[in-house]
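See below for the structure under consideration.
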Amino acid sequence: MSDASRLPGPAEHHWAWQAEAACRGLGSRPFFHPAGERGEDRAARDETAKKICARCPVREACLRHALRTGEAYGVWGGLTEEERRRHAARRSVGAAA
């Protein structure tokens, strides 16, 4: 018989916040840009995603997840990938000071 005592245990608490997300069931289209999307189309899609995030009860948990895991694409916690990169850069500069 296997010894399960060395396993880290249940991890669902790390993801439980997703069940309360305003985006749950909406699909990925509003949050991830299709190949080649630029300019006004991209800005409009990002704005739609941010409006969904603005009313989300777990927005902060989502953003923490995206920053912690280095999510490279999409709108997470109300920030686009570019905004998250700037946020992370400011945090790393602040930590170095």
Side-chain angles (χ1 to χ4, degrees):
M1 183 177 269
S2 297
D3 177 14
S5 67
R6 295 179 298 136
L7 296 175
E12 64 269 0
H13 65 281
H14 292 293
W15 308 105
W17 58 269
Q18 292 179 351
E20 304 300 321
C23 63
R24 186 170 176 87
L26 296 180
S28 62
R29 185 172 296 226
F31 303 95
F32 295 91
H33 66 85
E37 182 185 62
R38 301 279 186 270
E40 291 179 17
D41 290 337
R42 185 167 182 173
R45 187 198 38 74
D46 283 345
E47 194 57 37
T48 297
K50 288 179 175 190
K51 285 179 182 177
I52 295 166
C53 294
R55 62 180 172 79
C56 184
V58 295
R59 185 187 64 78
E60 290 180 26
C62 180
L63 180 57
R64 277 194 308 271
H65 162 77
L67 293 170
R68 185 178 65 247
T69 62
E71 289 288 352
Y73 303 102
V75 175
W76 290 81
L79 297 183
T80 65
E81 53 264 29
E82 293 88 3
E83 292 166 337
R84 289 193 309 279
R85 279 194 291 272
R86 287 194 302 266
H87 180 80
R90 283 193 306 268
R91 286 178 46 179
S92 68
V93 167

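Residue numbers run from 1 in the order of the sequence given.
Here the CZ-CD1 distance, from R24 to I52, works out to 15.0 Å after rounding to the nearest 0.5 Å. Annotation: the span from D46 atom CG to H33 atom NE2 amounts to 8.0 Å, rounded to 0.5 Å. With rounding to the nearest 0.5 angstrom, the OG1 atom of T80 is 12.5 Å from the NE2 atom of H87. Here the CZ-SG distance, from R59 to C23, works out to 13.0 Å after rounding to the nearest 0.5 Å.
Qualifying side-chain contact (heavy atoms from CB on, under 4.5 Å) partners for R38, counting only residues two or more places apart in sequence or in other chains: R42.
Nearest heavy atoms, P30 versus G27: CD-O, 3.7 Å. Listed here is the closest heavy atom pair of P57 and A22: CD-N, 4.5 Å. Smallest separation of non-hydrogen atoms from R45 and P34: NE-CD, 4.3 Å.
In the displayed structure, E82 atom CD is contacted under 6.0 Å by more than 12 heavy atoms of other residues, nucleotides or ligands.
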Without placing hydrogens or testing angles, list every side-chain donor-acceptor pair under 3.5 Å for residues 60-72, not counting sequence neighbours.
from : atom 1 : to  : atom 2 : distance (Å)
H65  : NE2    : E71 : OE2    : 3.2
T69  : OG1    : H65 : O      : 2.8

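Under the 4.5 Å side-chain heavy-atom criterion for Ile, Leu, Val, Met, Phe, Trp and Tyr, F32 and L79 are members of distinct hydrophobic clusters.
A heavy-atom distance below 4.5 Å is found between the side chains of E83 and K50. Within the 4.5 Å cutoff, the side chain of C53 has heavy atoms near those of the F31 side chain.
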